[in-house]
Asks: 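This is the structure, below, for whatever I ask next.
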4 protein chains.
Amino acid sequence: MKKNKPKYKQIIDAAVEVIAENGYHASQVSKIARKAGVADGTIYLYFKNKEDILVSLFEQKMGQFIEKIEEEIKTKSNAKEKLLSLIEMHYQQLAHNHHLAIVTQLELRQSNKELRLKINDVLKRYMLVIDHIVEEGMEEKHFDQNLDMRLVRQLVFGTLDETVTNWVMNDQKYDLMKQSKGVHQLLINGLAQKTN
Amino acid sequence: MKKNKPKYKQIIDAAVEVIAENGYHASQVSKIARKAGVADGTIYLYFKNKEDILVSLFEQKMGQFIEKIEEEIKTKSNAKEKLLSLIEMHYQQLAHNHHLAIVTQLELRQSNKELRLKINDVLKRYMLVIDHIVEEGMEEKHFDQNLDMRLVRQLVFGTLDETVTNWVMNDQKYDLMKQSKGVHQLLINGLAQKTN
Amino acid sequence: MKKNKPKYKQIIDAAVEVIAENGYHASQVSKIARKAGVADGTIYLYFKNKEDILVSLFEQKMGQFIEKIEEEIKTKSNAKEKLLSLIEMHYQQLAHNHHLAIVTQLELRQSNKELRLKINDVLKRYMLVIDHIVEEGMEEKHFDQNLDMRLVRQLVFGTLDETVTNWVMNDQKYDLMKQSKGVHQLLINGLAQKTN
Amino acid sequence: MKKNKPKYKQIIDAAVEVIAENGYHASQVSKIARKAGVADGTIYLYFKNKEDILVSLFEQKMGQFIEKIEEEIKTKSNAKEKLLSLIEMHYQQLAHNHHLAIVTQLELRQSNKELRLKINDVLKRYMLVIDHIVEEGMEEKHFDQNLDMRLVRQLVFGTLDETVTNWVMNDQKYDLMKQSKGVHQLLINGLAQKTN
DNA sequence: CATGAATGAGCGTTCATTCAT
DNA sequence: GATGAATGAACGCTCATTCAT
């Protein structure tokens, strides 16, 4: 399996660094190869083409990203806590990996529609995590019974994504993680069972 | 003033069409010129360079977009209604202009960081509109007094933007405007004064 | 006659200035028009095309240049003095008109072969002046009887041209006119009647 | 070392041919590539940009040109003979390489000031060769002791350059090499020790 | 497996010239 | 005569991908 060979990971890590440092459009394959310590042609032994590097990068990194969130959530016993956990993990992982934050929030979005559709595929797994939390909250009667699943998904992901993008575009100069509680509160209220 | 000359508008409208039909990266200046019915060189009598076409496009279209929202909001008497109005106008305008929706939600985001910073400048005016509604709601005691302005702004804009982008990426095949009420309810709850 | 109308001269003088200040390749017709205080289109009422401006410029300025040399030479009574006079006038006129010196020695040479053939036509008149002096010197028995006219012409003009070009390329920072005597001596010796 | 690879030389030789045949301004990179039998992009593996091709061309060809003159001069025992040798070699090399003559005398002069300054750098080595001959002649008491070095250099080079340029502009239709003796005599006389 | 020299398609921009007013 | 908005042809350079070694 190619994905377990050391050069596969080397190239993906090199791509993250090169893109974060130079921006999407100034990230030539030859630059990634140089940073990874391999020849240009070697890239094509591990990846179909340049786009494949980017999709794979997103799959690998976002896969780990989501896995960690899933693991953390398992330790929580109700939907509200799980949602807080998701927010905190989302922020924490990007706050602790500046290069990855730049690449996922800014640079990879400059890719074409085709690539972004593939990226969306990867994100579907994340959407499922959100869905499960919301369903659980509805079963617990803590969330409103009539929520439109798609809307909620977009509310949660849209808000998280927008807050992280703003933080990155402001050069990451404030503390992203401090926002967790506030965002959680806003979302919880939005989703809450209306008692009146 | 160049911006009031007919060719200025012709070129911008041609750019919207060409980008929507071909995608950002396949939109050559010569294609825009042909669609606008002018010579390639004429473009450069009205715009400094290709990027300037795109920035101007965004300024013009988003300027009108925000203006219409502002006008509509003026006719409403409280924050909740104003927020609903904002959501409905936001959705309506993009739903009624498919090409523009594609260009603003998908294609223009493929531009480089520099261009996107300029786009952000234009969006600041929209953020102010949101801010005013939230402030009004807080004064009316309908919204929580302790809201973090930045978070709320990102909650509202992030949700609207994510819902529209999803709708565009799904080829606009469901009715965007029908979501207005649901999104409004989610946001209102999120912002509401906690009475317990 | 167009050549006597004020705008004709205005445009030529503007061309000299623009070329001296911006260099041949950065001297667009529109820049010359602006400096001359006329519209772009007006240029084409007085000149066939851009090349025609440059040829006319050379004809006019070089015509005056040669005329002044001819007048001065008339006042001298023998070939040696006439040659000194020619050298002094050549240097003096260019030293007193820096812009013209730059244009004739550096910028106009960047034109294509066709234009330079026309420039050569203008210079033929100058070559005749040199020829007359040499012939006179030979008749006076002060110059060698067996001189090859073409070689002498090229010796004299080549030396003058090379010295002026060097002076211009060194930013005119030494006194060109002080070289007159030395150059005269070198040339006179070269042409002299061999008495041994 | 790139300069020793066969394609480096191929490209330079192609450039000489293309420029001689089409003129400086009609010599596109793609034409040079085609003549050299390589792809357009290959040019840029060996040269920084188009100007770099031209500068390198001049450096290489003029370097060899001067080297051959230096070698030939070494075999001569006094300044007069060395000067004759220099003139003969100068004429001979250009007479035997028509394309190169056209390129150096006519086409390369159409380049901008920047490029011509680089060309002048290359020529400095030639000027040193002339200087050495003149110094030797002065030591031998065959040349005048009070010669102004700069003037002499310009006399010699200006005359050679002017004679070759005239020959090229007259389509090389007379025998350049037959002029050697005549030019040598003129220059020798000009530089000679005055015995009276 | 790995290399890296070679490929060649693709495009934003300038500016001399025209011509309707 | 004078204007200046409009024209459109022309080209240097980049970089993802291939393939002989």
Side-chain angles (χ1 to χ4, degrees), chain A residues 2 5-7 11 25-34 36-54, chain B residues 2 5-8 10-11 25-34 36-54, chain C residues 2 5-7 11 25-34 36-54, chain D residues 2 5-8 10-11 25-34 36-54:
Chain A
K2 277 186 175 168
K5 295 200 179 171
K7 285 196 180 164
I11 292 167
H25 285 110
S27 295
Q28 298 86 344
V29 170
S30 60
K31 239 182 221 165
I32 296 174
R34 202 179 320 127
V38 302
D40 291 16
T42 305
I43 298 267
Y44 291 86
L45 298 174
Y46 293 89
F47 300 91
K48 225 170 56 253
N49 51 35
K50 188 183 180 181
E51 181 177 309
D52 189 29
I53 307 176
L54 304 176
Chain B
K2 278 189 173 161
K5 294 196 179 171
K7 289 201 176 154
Y8 182 87
Q10 266 174 52
I11 293 167
H25 285 111
S27 295
Q28 299 88 339
V29 171
S30 60
K31 241 181 222 166
I32 296 174
R34 203 179 318 128
V38 301
D40 291 16
T42 305
I43 299 267
Y44 293 87
L45 297 176
Y46 294 90
F47 300 91
K48 231 174 45 257
N49 50 35
K50 189 180 180 183
E51 179 178 312
D52 189 29
I53 307 177
L54 305 175
Chain C
K2 278 187 175 167
K5 296 201 179 171
K7 287 196 178 161
I11 292 167
H25 285 111
S27 295
Q28 298 85 345
V29 171
S30 60
K31 237 182 222 167
I32 296 174
R34 202 179 320 128
V38 302
D40 291 17
T42 305
I43 298 266
Y44 292 86
L45 298 174
Y46 293 89
F47 300 90
K48 223 169 59 252
N49 50 35
K50 188 181 181 181
E51 180 177 311
D52 189 28
I53 307 176
L54 304 176
Chain D
K2 277 189 172 158
K5 295 195 178 172
K7 290 203 174 153
Y8 182 86
Q10 265 174 53
I11 293 167
H25 285 110
S27 295
Q28 299 88 339
V29 171
S30 59
K31 240 179 221 165
I32 296 173
R34 201 178 320 127
V38 300
D40 290 17
T42 304
I43 298 267
Y44 293 88
L45 297 176
Y46 295 89
F47 300 91
K48 232 176 43 258
N49 49 36
K50 189 181 179 182
E51 180 177 311
D52 189 30
I53 307 177
L54 305 175

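These numbers come from the heavy atoms of this one structure, side chains and all, not from hydrogens, waters or symmetry mates. Letters A, B, ... are given to chains in the order of the sequence lines, protein chains preceding strands, and every chain is numbered from 1. This one's a predicted model, so the numbers in the text were calculated from it and none came from an experiment.
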Asks: Quick one: is F:dA5 close enough that its OP1 or OP2 comes under 4.0 Å of any side-chain N or O from B:Lys5?
Replies: no

Asks: Which atom pair, heavy atoms only, marks the closest approach of B:Tyr46 to B:Ile11?
Replies: CD1-CD1, 4.2 Å

Asks: Could you state the NZ-P distance from D:Lys31 to F:dC11, rounded to the nearest angstrom?
Replies: 7 Å

Asks: Quick check on the helix from E:dA2-F:dT21 to E:dT21-F:dA2: what's the angle between its two end axes, five base pairs per end, to the nearest 10°?
Replies: 10°

Asks: Report the distance from atom CZ of A:Arg34 to atom P of E:dA2, rounded to the nearest whole Å.
Replies: 19 Å

Asks: Here's a test of your reading of the structure: between B:Tyr46 and C:Thr42, which maps to the more 5' nucleotide of DNA chain F?
Replies: C:Thr42

Asks: Using atom CG of A:Asp52 as one end and atom C1' of F:dA16 as the other, report the distance to the nearest whole Å.
Replies: 14 Å

Asks: With a 4.0 Å limit, can you tell me whether A:Lys7 has a side-chain N or O closer than that to the phosphate oxygens OP1/OP2 of E:dA2?
Replies: yes

Asks: Mapping C:Tyr44 and D:Asp40 onto DNA chain E by nearest heavy atom, which one lands closer to the 5' end?
Replies: D:Asp40

Asks: Where do C:Asp40 and C:Ala33 come nearest, in terms of heavy atoms and distance?
Replies: OD1-CB, 3.6 Å

Asks: If I take atom CD1 in residue D:Ile53 and atom C1' in nucleotide F:dC13, what distance separates them, rounded to the nearest angstrom?
Replies: 11 Å

Asks: Classify the nucleic acid contact of D:Val29 as base, sugar-phosphate or nothing, counting any heavy atom under 4.0 Å across all strands shown.
Replies: sugar-phosphate

Asks: Taking atom P of F:dG12 as reference, at what distance in whole Å does atom CG of D:Leu54 sit?
Replies: 10 Å

Asks: Take atom CD1 of B:Ile32 and atom C1' of E:dC11, then tell me their distance rounded to the nearest Å.
Replies: 12 Å

Asks: Just how far is it from atom CD1 of C:Ile43 to atom CD1 of C:Ile32, taken to the nearest 0.5 Å?
Replies: 6.0 Å

Asks: If you assign each of B:Leu45 and A:Lys50 to its closest nucleotide in DNA chain F, which residue comes earlier from the 5' end?
Replies: B:Leu45

Asks: From C-beta outward on A:Asn49, which listed nucleotide comes closest to its side chain: E:dG4, E:dA16, F:dT17?
Replies: F:dT17

Asks: From C:Arg34 CZ over to C:Gln28 CD, what is the distance, rounded to the nearest 0.5 angstrom?
Replies: 8.5 Å

Asks: If I compare all heavy atoms of B:His25 with all of A:His25, which pair ends up nearest, and what's the gap?
Replies: NE2-NE2, 3.3 Å

Asks: If you look at every heavy atom in A:Val29 and A:Tyr44, which pair is closest and at what distance?
Replies: CG2-OH, 3.9 Å

Asks: Send over the distance from D:Lys48 NZ to F:dG12 C1', rounded to a whole Å.
Replies: 14 Å

Asks: Separation of D:Ile11 atom CD1 from E:dA5 atom P, in whole Å?
Replies: 14 Å

